[in-house]
Amino acid sequence: MAIEMLYFAWVRERMGRAAETVTPPSTVATVAQLVDWLAARDADSGTALADRARLRAAVDQAFVAMDAPIAGAREVALFPPVTGG
Amino acid sequence: MAIEMLYFAWVRERMGRAAETVTPPSTVATVAQLVDWLAARDADSGTALADRARLRAAVDQAFVAMDAPIAGAREVALFPPVTGG
Amino acid sequence: MIRVVVHPAPIAIDAELARVEAAPGAGAIATFTGLVRADDGVGTLELEHYPGATEAALTRLAEAATARWSLGAATIVHRVGPMAPGERIVFVATAAPHRAAALEACTFLIDRLKTDAPFWKRETRDGESRWVEARDTDDAAAARWRDGA
Amino acid sequence: MIRVVVHPAPIAIDAELARVEAAPGAGAIATFTGLVRADDGVGTLELEHYPGATEAALTRLAEAATARWSLGAATIVHRVGPMAPGERIVFVATAAPHRAAALEACTFLIDRLKTDAPFWKRETRDGESRWVEARDTDDAAAARWRDGA
């Protein structure tokens, strides 16, 4: 199923894009697996997503842990820890 | 020695004056004794100062307890608990 | 930068905030504003104070907060005289490099002001005028800042 | 009365305060303002956010604070895009009948905003541009509001 990926801050810069539509295989069930799958696509994505400890995620605009399921997700965002305020 | 008395809020209203200069005898050594002496002067002062539990005092503009000494004081203020802010 | 004002004129927050925001190192500004509540039957409020002693007490509080939280600015503006529902009675503002210091110092100032500064409120409610009684909760709030708490 | 604004325009505190002060039952107003600090070598700051999700996160925080402290008003205004030293990044205001609720709710909102709302700061310092790192102290400050603490 197609997922709209969004990237913010240095994730966006390192990915070289702010958004993309991806269609991972059905074996990709969690956010962490989605990150692994994206990182394995090409060297640039692999480098951009290498620092897993500093990656955070939202599924359909709700902050989630990396082991959260993505079944039925329409939008997944990846970004660094937030620094607003 | 002459002391400038100041009264605020309902103490002022009940005393019927905002300020007065008094010269208590040297046996009056604390704020509490000063209040007793003032209250004994006349019936109006006695009524005005009757509610001792709700009286507060300042000596030379510093908040003090009722057993504080008044030796050398130039200004003594009597008032209810404060209610600002 | 300490600023203490006790005055019968309406409190202009704009100008006060601009001063506080201009303090050296100001990254965080906390403010507290007390209003005459408009909805509980109070017609007018009148604030009496102890001229001289009030300003001195507020200055001591601002100095204590500045020392304890390394503030860049501490401002206390307190209105006196008659005022109407919805109007501002008191405005407190603090500036610090970081938010915890600004927010804690602001809370300290308004808590301690309630018990340590000689002001007295008289309110007209349902046509009757009376002096407002002190609240035990104010003593409790002020007490938690003592003895280095 | 909840108001959430995420916008590139400078934050006009005046108009925001007037709204909060007009809330029903407002006797106490607390505010927090975050500024781009002018004195530590930061040239410009740029705020990125997650459109839609940011506003939703701030609205959830304002709703939580309103329920927990029975607020008459909760306002969060956050600037995004480029800004200069001394300018306001964020403004939070709360209105309640009494001061403890207003002050606590204001602290809650800015603490939780720091960890729960998707904003990212990029600053230019001494000519070099970099993304600001999250601070552990922000996680600690936000954590103390969880589980009914």
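Convention: sequence-line order gives letters A, B, ...; per-chain numbering from 1. What you see below is based on every heavy atom in this structure, not just the backbone, and it leaves out hydrogens, waters and symmetry mates. Since we're looking at a predicted model, the values are computed, not measured.
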Is it true that E13(B) and R122(C) make a salt bridge, defined as a side-chain N closer than 4.0 Å to a carboxylate O? yes
Strictly below 4.0 Å, N to O, side chains only: are D44(B) and R14(B) in salt-bridge contact? no
Contact class of F63(B) relative to chain C, heavy atoms under 4.5 angstrom: side chain
Would you mind checking if K114(C) and D139(C) are paired as a salt bridge, meaning a charged N to carboxylate O distance below 4.0 Å? no
If I measure from the heavy atoms of chain B, does D138(C) come under 4.5 Å with its side chain, its backbone, both, or neither? neither
Quick one: what part of E133(C) sits under 4.5 Å from any heavy atom of chain B, side chain, backbone, both or neither? both
Report yes if the distance between the aromatic ring centroids of F108(C) and W69(C) is under 6.0 Å, otherwise no. yes
Which answer fits R12(B), side chain, backbone, both or neither, if we ask what part of it has an atom under 4.5 Å from a heavy atom of chain C? side chain
Heavy atoms only, distances under 4.5 angstrom: which of Y50(C), F119(C), F32(C) has the most pairs with chain B? Name it, please. Y50(C)
Can you tell which part of A62(B) gets under 4.5 Å to a heavy atom of chain C, answering side chain, backbone, both or neither? neither
Determine, for E87(C) against R79(C), whether the closest basic-nitrogen to carboxylate-oxygen distance falls under 4.0 angstrom. yes
